[in-house]
Amino acid sequence: MPPRAYEAFVARFPGMGAAWDALRRAEAEAGPLDARTVRLIKLAIAVAREAEGATHSAVRKALAAGVSRDEMEQVVALAASTIGLPAAVKAHRWVVERLD
């Protein structure tokens with residue numbers, strides 16, 4: 001279920017919501033990666049960007065795709081050497097907020 005803020009935004013700007021839906025469909029058709037792998041990559045991107053909302057969304061969608069808690073936490077751990085330990089700790093908190 002999308003966050004209320006997203007639903008309010010696309011209700012106010014339906015053309016942007018339709019464009020976003022088209023982009024998501026195009027992403028799904030972009031290549032051979034399975035849904036679980038795509039969700040893990042999306043989580044890694046959100047974590048690397050230090051984007052809290054995107055991380056929450058990525059966790060929610062990863063759960064729906066069957067990604068386990070351990071797999072998501074490993075993504076954060078793998079990011080630590082690239083984004084730094086403080087950023088990884090922050091990202092881990094965001095992930096856990098959605099898992100607990």
Side-chain angles (χ1 to χ4, degrees):
M1 179 117 177
R4 280 180 281 194
Y6 170 81
E7 290 176 342
F9 184 85
V10 298
R12 172 66 178 89
F13 303 103
M16 293 185 78
W20 189 253
D21 289 340
L23 178 59
R24 286 192 300 222
R25 282 191 304 277
E27 282 182 338
E29 300 166 359
L33 296 176
D34 62 76
R36 293 180 79 261
T37 303
V38 167
R39 290 294 141 212
L40 288 167
I41 292 169
K42 291 285 203 165
L43 176 59
I45 293 166
V47 165
R49 286 190 59 237
E50 296 184 51
E52 182 176 5
T55 300
H56 288 165
S57 176
V59 169
R60 181 174 43 82
K61 291 175 182 177
L63 283 171
V67 176
S68 73
R69 177 189 191 109
D70 286 344
E71 290 169 317
M72 286 187 253
E73 288 184 311
Q74 184 180 4
V75 166
V76 177
L78 290 170
S81 63
T82 302
I83 67 174
L85 190 60
V89 169
K90 178 173 53 176
H92 185 259
R93 179 173 37 94
W94 295 337
V95 169
V96 169
E97 286 172 356
R98 288 299 173 251
L99 293 174
D100 289 341

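Along the sequence shown, residues carry numbers from 1.
Around CZ of Arg49, the count of heavy atoms belonging to other residues, nucleotides or ligands within 6.0 Å does not exceed 12.
Arg98 places none of its side-chain heavy atoms less than 4.5 Å from the side chain of Arg60. Looking only at side-chain heavy atoms (C-beta outward), Arg69 and Val95 stay at 4.5 Å or farther from each other. Looking only at side-chain heavy atoms (C-beta outward), Trp20 and Tyr6 come within less than 4.5 Å of each other. A 4.5 Å side-chain heavy-atom check between Leu99 and Leu63 finds at least one atom pair inside the cut-off. Side-chain contact check for Arg39 versus Arg36: every heavy-atom pair is 4.5 Å or farther apart. Between Lys42 and Ser57 the shortest side-chain heavy-atom distance does not fall below 4.5 Å. Between Asp21 and Arg24, some side-chain heavy-atom pair lies under the 4.5 Å cut-off. Residues Met72 and His92 form no side-chain contact, since every pair of their non-hydrogen atoms from C-beta on lies 4.5 Å or further apart.
Closest heavy-atom contact between His56 and Trp94: CD2-O, 3.3 Å. Residue Val47 comes nearest to Ala91 through the heavy atom pair CG1-CB, 3.6 Å, listed as atom of the first residue, atom of the second, then distance.
Under a hydrophobic-cluster definition in which Ile, Leu, Val, Met, Phe, Trp and Tyr are linked whenever side-chain heavy atoms come within less than 4.5 Å, directly or via other members, Ile41 and Val75 are assigned to different clusters. Linking Ile, Leu, Val, Met, Phe, Trp and Tyr residues whenever their side-chain heavy atoms come within less than 4.5 Å leaves Ile45 and Ile83 in two separate clusters.
A donor-acceptor pair shorter than 3.5 Å cannot be found between the side chains of Thr55 and Glu52.
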- Evaluate side chain to side chain contact (heavy atoms under 4.5 Å, CB included) for Glu97 paired with Val59, printing each intermediate quantity in order. CA-CA 10 Å; Glu97 286 172 356; Val59 169; over 6 Å; no
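Using modelled atom types, no side-chain atom of Glu73 and backbone atom of Asp70 make a donor-acceptor pair closer than 3.5 Å.
Note that CG of Leu40 and CG of Leu33 are 10.5 Å apart. Values are rounded to the nearest 0.5 Å.
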